[in-house]
Asks: 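Below you will find the structure I want to go over with you.
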Amino acid sequence: MLWSRLFIPTLRENPAEAEVISHQMLLRAGYIRALGAGIYNYLPLAQRSLNKIQAIIREEMDAIGGQEFYLPALNPAEVWQESGRWDVMGDNMFRLKDRYGRALCLGMTHEEVMTFIARGEVRSYKQLPQIWYQIQTKFRDEPRPKSGLLRVRQFIMKDSYSFDLAPEGLDVAYEKHRVAYCRIFDRCGLEYVTVEAHSGAMGGSQSQEFMVKTTAGEDYVVISKDTGYAANLEKATSRPVPPAEPDPDADLAPEEVHTPNQKTIDEVAAFLKIAPTSLMKSVVVVTEDERPFLCLLRGDHQLSETKFQTAAHCGEFRPAHPEEIRTWFGADPGSLGPVGITALPILIDEALRGRKNMVTGANKDDYHLRNVTLGEDFQATFHDLRQVAEGDTDIDTGGPLEIAKTVEIGHIFKLGYKYSHSMGLNVLNHDGVETPVIMGSYGIGVERVLCAAVELYSDANGISMPVTIAPFEVVITPVKISDPVVREAADKIYADFKSRGIDVLFDDRDMSPGVKFKDADLIGIPYRVTLGKKLGEGIVEVVERRGNVKHEVPVAEAVAWVADRVAAAKSK
RNA sequence: CGGGGCGUGGCUCAGCCUGGUUAGAGCGCCUGGUUCGGGACCAGGAGGUCGGUGGUUCAAAUCCACUCGCCCCGACCA
């Protein structure tokens, strides 16, 4: 392609609206333009990259026996009502009505439609297993679109679904996807971690997320470099930092202390001149079915929402209202504790196992209790409730843990029978008995792969795309194209690249070299062939974008030099 | 939905507080010429209902009200 004919509107300065790196870079490099909040136009460079990502996805999905479908983005309400998600999705789903007033929505994912197809046509175990996938535009009415292409309202997703007769079959399909995803992301040139994910309160069994570390991400992941342990923060476990001070080692009885206006952990700790780790924090929450719980945590620890949900077997929950707390505890938040509380279940975090003589609220305003010990002064059941915190160590080895911000690029999930049951997807088994089909669901955010690559591989000069997903593999940059000798040499190299099937961009613009170098660096083409001063000696310069490594190569060898490296990168 | 910020040529921004001729700058764009290894130079030129509506005023980019849009923080995120 000739640069002069391509639409590549690069920007010299960062648009004011862009905050995260990938957003800034994709705008500046002329890949994307915003149409509205969370709605983007993909210009030719982005489209070329996205096409390459999708081609890799197709190859790997086909390799595990996946069959490509194309389902409608526009869905009638009925299928979603059947699965129950018409209500569950709430405001996150775009909904509309047709001219006759019939309810429709724009699909956020396609479990329902796939299940709809399967239940009409798949009748026998002999037709299983199946892996069905599509690459489709999805819609989500995000409360807050942000971070460029990272959180948007319309995006492309590869979603696949597996159908099996038995759990062992699902295990196979799940493992096939795990391996395929690794190959896909490896081929896209990404560095990523796979983490055990929380599978939701809905009871799905196993689930893993594919995450790329970036400060632009919103998901926190706990990683142990030594052991390879990696888990979503929602689910991660760790060894807490030991208490800052030892507990009083004596058989002591609770003792009231006056703590006027000392409400927060830090205030009470400072007032009593003890470490926050010597305090027991009381958190009162109420589940959506109106069951109240008292959760006890070490003063410096946070309650993990998902762990509480697991412990309490509940979905959504909320902090208790002050009036409720007053009714149950006889005191305001800030002076709450477990002693004397029997009206609601008490859950205590594992980190408090073995502790004694701690300080906690007295259930009397402006008073706390010293010397409170589980088993002696109150009863509670142990659960893992605390969220992993900075400074914690590996639960097995005690080695260092890192809490990293990441973006989720893929997710594999054992669905189980959720949709088979709600929508009636059954087949006859060997014995002629109607049996529900067990399903898996597997997604990849296509734009997020592009964003992750940009987040991972850009520098002050712009993007440095992996060869496999770069919009072009090589760019030819004649320093002075108005010189007929240079032009002729460049034309020849261009033709040679094309004949070898290399994606080549020819910067035929009659501009000063600085502009062309800057633009080439900005848009992230992995290799650049520069025809400059030494062309007279039969030498061109080949520059690797990543690391800005320069090589002087004889003109006659330049095309092969690049082509070999491109081929090597693609065959990895 | 709560909190904060912004809206002035294609981009980045100044001007607004303290109202007063033809609304500015840099970059980009067009024409001609000179340049040609890291966002060149000279000369000439085009381009703006100051987000919108209403109000105050002799007079509004500037003050007031409403409204729309965008960004950030939070809530939210199968």
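Each chain gets a letter, A, B and so on, in the order the sequences are listed, and its residues count up from 1. Just so it is clear, the structure is predicted and the values come from calculations on it, not from any experiment. Excluded from the calculations below are hydrogen atoms, water molecules and symmetry mates; all remaining heavy atoms, backbone and side chain alike, are included.
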Asks: Now, which nucleotide makes the Watson-Crick or G-U wobble pair with U35(B), with each of the two distances under 3.5 Å?
Replies: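 Across all strands, not a single nucleotide pairs with U35(B).
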
Asks: Does a salt bridge link Glu290(A) with Arg318(A), judged by any charged N lying under 4.0 Å from a carboxylate O?
Replies: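 Judged by the 4.0 Å cut-off on N to carboxylate O distance, Glu290(A) and Arg318(A) do form a salt bridge.
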
Asks: Distance check, rounded to the nearest 0.5 Å: Leu522(A) atom CG versus Tyr31(A) atom OH?
Replies: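 Reported to 0.5 Å precision, the distance equals 8.5 Å.
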
Asks: Honestly, is Arg153(A) close enough over Phe94(A), meaning NZ or CZ under 6.0 Å from the six-membered ring centre and within 45° of the axis?
Replies: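 No, cation not above the ring by the 6.0 Å, 45° rule.
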
Asks: Decide, yes or no, whether a salt bridge links Arg545(A) with Asp459(A) under the criterion of side-chain N to carboxylate O below 4.0 Å.
Replies: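 Salt bridge: yes.
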
Asks: So which pairs with a foot in residues 104-119 of chain A pass salt bridge (charged side-chain N to carboxylate O under 4.0 Å, His left out), sequence neighbours left out?
Replies: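 For residues 104-119 of chain A, and leaving out neighbouring residues, the salt bridge (charged side-chain N to carboxylate O under 4.0 Å, His left out) pairs sorted by first residue read Glu82(A)-Arg119(A), Arg85(A)-Glu111(A), Arg85(A)-Glu112(A).
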
Asks: Measure from the side chain of Met89(A), starting at C-beta and using heavy atoms only, and say which of C72(B), A78(B), G38(B) lies closest.
Replies: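 Of all the options, the side chain of Met89(A) is nearest to A78(B).
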
Asks: Which pairs, with at least one residue in residues 129-159 of chain A and sequence neighbours excluded, count as a ring pair (Phe, Tyr, Trp, His ring centres under 6.0 Å)?
Replies: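 Listed once each, the pairs are Phe69(A)-Trp132(A), Trp132(A)-Phe163(A).
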
Asks: Kindly point out which of C36(B), G38(B), C77(B) is positioned nearest to the side chain of Asn92(A)?
Replies: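 The nucleotide sitting nearest to the side chain is C77(B).
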
Asks: Using a cut-off of strictly less than 4.0 Å between a heavy atom of the residue and any atom of RNA chain B, enumerate the qualifying residues of residues 481-496 of chain A by number.
Replies: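 Contacting residues: Ser482(A).
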
Asks: Looking for any heavy atom pair under 4.0 Å, which part of the strands does Arg28(A) touch: base, sugar-phosphate only, or nothing?
Replies: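 Base: the residue Arg28(A), judged by heavy atoms under 4.0 Å, touches a nucleobase.
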
Asks: How would you list, by chain and number, every residue that makes a side chain to side chain donor-acceptor pair (under 3.5 Å) with Glu408(A), sequence neighbours excluded?
Replies: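 Side chain to side chain donor-acceptor pair (under 3.5 Å) list for Glu408(A), sorted by chain: His411(A).
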
Asks: Whole angstrom is fine here: how far is it from NZ in Lys516(A) over to P in C36(B)?
Replies: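 Atom NZ in Lys516(A) sits about 13 Å away from atom P in C36(B).
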
Asks: Mind checking whether His23(A) and Tyr40(A) have parallel, tilted or perpendicular rings, split at 30° and 60°?
Replies: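 The rings of His23(A) and Tyr40(A) stand perpendicular, inter-plane angle above 60°.
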
Asks: Between G38(B), G39(B), C77(B), spot the one nearest the side chain of Arg140(A), thanks.
Replies: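 Closest of the options to the side chain of Arg140(A): C77(B).
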
Asks: Side chain of Asp521(A): nearest nucleotide among C13(B), G37(B), G38(B)?
Replies: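 Closest nucleotide to the Asp521(A) side chain: G38(B).
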
Asks: When you compare the protein's N or O atoms with those of nucleotides 1-4 of chain B, which come within less than 3.5 Å of each other, and at what distance?
Replies:
none

Asks: Once you measure the plane-to-plane angle for Phe308(A) and Phe293(A), does it fall in the parallel (<30°), tilted (30-60°) or perpendicular (>60°) bin?
Replies: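 Plane angle over 60°, so perpendicular.
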
Asks: Taking atom C1' of C71(B) as reference, at what distance in whole Å does atom NE2 of His23(A) sit?
Replies: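 After rounding, the gap between these two atoms is 9 Å.
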
Asks: Please compare Arg85(A) and Thr10(A) by the position of their nearest nucleotide in RNA chain B and report the one closer to 5'.
Replies: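 Taking each residue's closest nucleotide, the earlier one in sequence belongs to Thr10(A).
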
Asks: Have a look at Asp519(A) and say if it touches a base, only the backbone sugar-phosphate, or nothing, with a 4.0 Å heavy-atom cut-off.
Replies: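 Here Asp519(A) touches the bases of the nucleic acid.
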
Asks: Do any of residues 30-43 of chain A sit with a heavy atom less than 4.0 Å from RNA chain B, and if so which?
Replies: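 Those residues whose heavy atoms fall under 4.0 Å from RNA chain B, taken from residues 30-43 of chain A in numerical order, are Gly36(A), Ala37(A).
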
Asks: What pairs of residues pass the salt bridge (charged side-chain N to carboxylate O under 4.0 Å, His left out) test when at least one of them lies in residues 12-31 of chain A, not counting sequence neighbours?
Replies: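 Non-adjacent pairs meeting salt bridge (charged side-chain N to carboxylate O under 4.0 Å, His left out): zero.
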
Asks: Would you please name every residue forming a side chain to side chain contact (heavy atoms under 4.5 Å, CB included) with Val485(A), sequence neighbours left out?
Replies: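 Partners of Val485(A) under the side chain to side chain contact (heavy atoms under 4.5 Å, CB included) test: Asp483(A).
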
Asks: If pairing requires Watson-Crick or G-U wobble contacts with both distances under 3.5 Å, which nucleotide is the partner of U53(B)?
Replies: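 Pair assignment: U53(B) / A65(B).
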
Asks: According to side chain to side chain donor-acceptor pair (under 3.5 Å), who are the partners of His177(A), at least two apart in sequence or on a separate chain?
Replies: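 His177(A) satisfies side chain to side chain donor-acceptor pair (under 3.5 Å) with Ser160(A) once adjacent residues are dropped.
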
Asks: Whom does G20(B) pair with, Watson-Crick or G-U wobble, provided both distances fall under 3.5 Å?
Replies: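 Base-paired to C58(B).
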
Asks: Under 4.0 Å, counting only non-hydrogen atoms across every strand here, what does Glu218(A) touch: a base, just sugar-phosphate, or nothing?
Replies: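 Glu218(A): no heavy atom of the nucleic acid under 4.0 Å.
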
Asks: With the criterion being N/O to N/O and under 3.5 Å, what pairs connect the protein with nucleotides 24-26 of chain B, and how long is each?
Replies:
from: G26(B); atom 1: N2; to: Glu13(A); atom 2: OE1; distance (Å): 3.1

Asks: So how far is it from Met1(A) CE to Ile8(A) CD1, rounded to the nearest 0.5 Å?
Replies: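 Nearest 0.5 Å value for the CE-CD1 distance: 8.5 Å.
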
Asks: It should be established whether Lys533(A) places a side-chain nitrogen or oxygen under 4.0 Å from OP1 or OP2 of nucleotide C36(B).
Replies: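 Indeed not, no polar side-chain atom of Lys533(A) lies that close.
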
Asks: How far does CG of Asp384(A) sit from NZ of Lys307(A), to the nearest 0.5 angstrom?
Replies: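 Reported to 0.5 Å precision, the distance equals 3.5 Å.
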
Asks: Taking only nitrogen or oxygen atoms into account, show me every contact under 3.5 Å that the protein makes with nucleotides 28-33 of chain B, one pair per line with its distance.
Replies:
from: G28(B); atom 1: OP1; to: Arg12(A); atom 2: NH2; distance (Å): 3.2

Asks: Counting only Watson-Crick pairs (N1-N3 plus N6-O4 or O6-N4) and G-U wobbles (N1-O2, O6-N3), all under 3.5 Å, who is the partner of C76(B)?
Replies: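 Pairing partner, where one exists within any strand: none, as none qualifies.
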
Asks: Out of G37(B), C13(B), U35(B), which has the shortest distance to the side chain of Ala16(A)?
Replies: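 Of the candidates, C13(B) comes closest.
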
Asks: Counting only heavy atoms not in Arg5(A), do more than 12 fall under 6.0 Å of its CZ?
Replies: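 No, the 6.0 Å shell around CZ holds no more than 12 heavy atoms from other groups.
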
Asks: Can you list the residues that meet the salt bridge (Lys or Arg N to Asp or Glu O under 4.0 Å) rule with Glu488(A), with sequence neighbours excluded?
Replies: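 Once residues adjacent in sequence are excluded, Glu488(A) has no partner under the salt bridge (Lys or Arg N to Asp or Glu O under 4.0 Å) criterion.
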
